[in-house]
Amino acid sequence: MRLGAHVRMDSDPIGFGEKLGADVIQMFVVDPQSWDKPAPHPLAAEIKASPIDVVVHSSYQINVASLNNRLRMPSRNAVALQAQAAAELGAFGLVVHGGHVRKDEEMVEGILNWRKLFQRQEDKGGFAVPILIENTAGGNHAMARHFDDIGRLWDAVGDFGAGFCLDTCHAWAGGEELLGIVERIKAITGRIDLVHLNSSRDEFNSGADRHANLADGTIDPQLLVEVCKAVDGPIVLETPGDGVAEDLAYLREHVG
């Protein structure tokens, strides 16, 4: 089992990972709140050569499901550019949030927009790294909050080799029980490529995306341990930085 955390210091991601004793790190390739084009990382050779596995998280404003051309089209471009930047770091994937639309009647078209993302890129030779779609916590018109919606999304994109990132805080806040969650999501997607293992500051089905350290959140830490034991894939903590080392130590002690 490969355990690690999201990097708080993108200027020296491998140094952060080594200090933490991580097997895997997650990082950004741009300011996550921007539409910036990724620039070559000054430590790209070191990152690529390190035995620490790397995964990249896309910027937050990306929404490929949107029916708004002024959001969807730059989102598609950003996914392709950030996937290429991830490949240049030797990353095993690019995590992209499922996104949302504005009303129920737009859900079908939002799913079709996800399919078009893969179709259009397939004509260009595909993405440089696998795209790992992440479940999200809130929104009544989200593509990947509820598992039945993820099932409809996977019917549209699964044959393009889309990967899946399971976030435990998002599932909990989104109203999905964590008991048996690995088996449930694998029955839909056939795979889990990455786990974001986070507790939640808020109650079940709150719709709030607020991560907490494992000892401080509303999710029973034993439930999170069981997720780790059930999944066959890398696990990344996105918990508050002050407690991430303790979170990692807790998992090593209880998961084995």
Side-chain angles (χ1 to χ4, degrees), residues 1-6 22-27 52-58 62 64-65 79-80 82-83 86-87 89-99 110-122 125-137 142-198 223-238 251 255:
M1 181 173 297
R2 298 186 71 77
L3 302 172
H6 181 80
D23 307 307
V24 56
I25 57 170
Q26 177 178 270
M27 60 182 289
I52 298 176
D53 291 337
V54 176
V55 64
V56 171
H57 198 300
S58 68
I62 287 173
V64 301
V79 170
Q82 292 177 37
L89 300 177
F92 63 80
L94 176 72
V95 178
V96 181
H97 287 169
I111 289 171
L112 289 176
N113 283 338
W114 260 108
R115 183 173 177 84
K116 289 176 183 176
L117 171 79
F118 287 100
Q119 286 177 322
R120 290 168 185 260
Q121 195 64 31
E122 189 175 55
F127 289 105
V129 297
I131 304 302
L132 313 182
I133 302 174
E134 180 179 355
N135 63 306
T136 51
M143 297 294 103
R145 173 179 177 173
H146 301 297
F147 283 14
D148 54 349
D149 292 321
I150 294 174
R152 286 186 280 272
L153 177 59
W154 230 256
D155 287 343
V157 304
D159 54 345
F160 290 100
F164 189 77
C165 173
L166 171 65
D167 188 301
T168 54
C169 171
H170 295 177
W172 170 266
E176 296 289 347
E177 296 285 353
L178 294 189
L179 187 64
I181 196 170
V182 169
E183 294 77 8
R184 289 170 55 219
I185 203 67
K186 280 189 173 182
I188 296 168
T189 65
R191 59 196 291 173
I192 295 176
D193 300 83
L194 176 68
V195 172
H196 287 166
L197 198 83
N198 306 305
L223 270 177
L224 297 173
V225 166
E226 292 306 316
V227 171
C228 292
K229 290 180 176 179
V231 77
D232 181 20
I235 295 165
V236 165
L237 292 158
E238 295 177 319
L251 291 180
V255 177

What I'd like to find out is whether the side chain of [X] reaches to under 4.5 Å of the side chain of [Y], using heavy atoms alone.
| X | Y | result |
| --- | --- | --- |
| Asp193 | Pro130 | no |
| Met143 | Ile111 | yes |
| Val79 | Ile131 | yes |
| Leu117 | Phe160 | no |

Donor-acceptor contact present, side-chain [X] to main-chain [Y], <3.5 Å:
| X | Y | answer |
| --- | --- | --- |
| Asp23 | Leu3 | yes |
| Asn198 | Cys169 | no |
| Glu176 | Phe147 | yes |

Original post:
Is the shortest distance from a Lys or Arg side-chain nitrogen in Asp155 or Arg152 to a carboxylate oxygen in the other one below 4.0 Å?
Top reply: no

Using 0.5 Å steps for rounding, measure from the [atom1] atom of [X] to the [atom2] atom of [Y].
| X | Y | atom1 | atom2 | result |
| --- | --- | --- | --- | --- |
| Glu134 | Ile150 | CD | CD1 | 10.0 Å |
| Arg184 | Leu178 | CZ | CG | 8.5 Å |
| Leu237 | His196 | CG | NE2 | 10.0 Å |
| Phe164 | Ile185 | CZ | CD1 | 4.0 Å |

Original post:
Would one find more than 12 heavy atoms of other residues, nucleotides or ligands at under 6.0 Å from atom CG of Leu179?
Top reply: no

**OP:** Identify the two heavy atoms, one from Ile181 and one from Ala171, that lie closest to each other, and give their separation to 0.1 Å.
**Re:** CD1-CB, 3.6 Å

Original post:
Hey, are His57 and Gln26 close enough side-chain-wise for a donor-acceptor pair under 3.5 Å?
Top reply: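 Side-chain D/A pair, Gln26 to His57: absent.
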
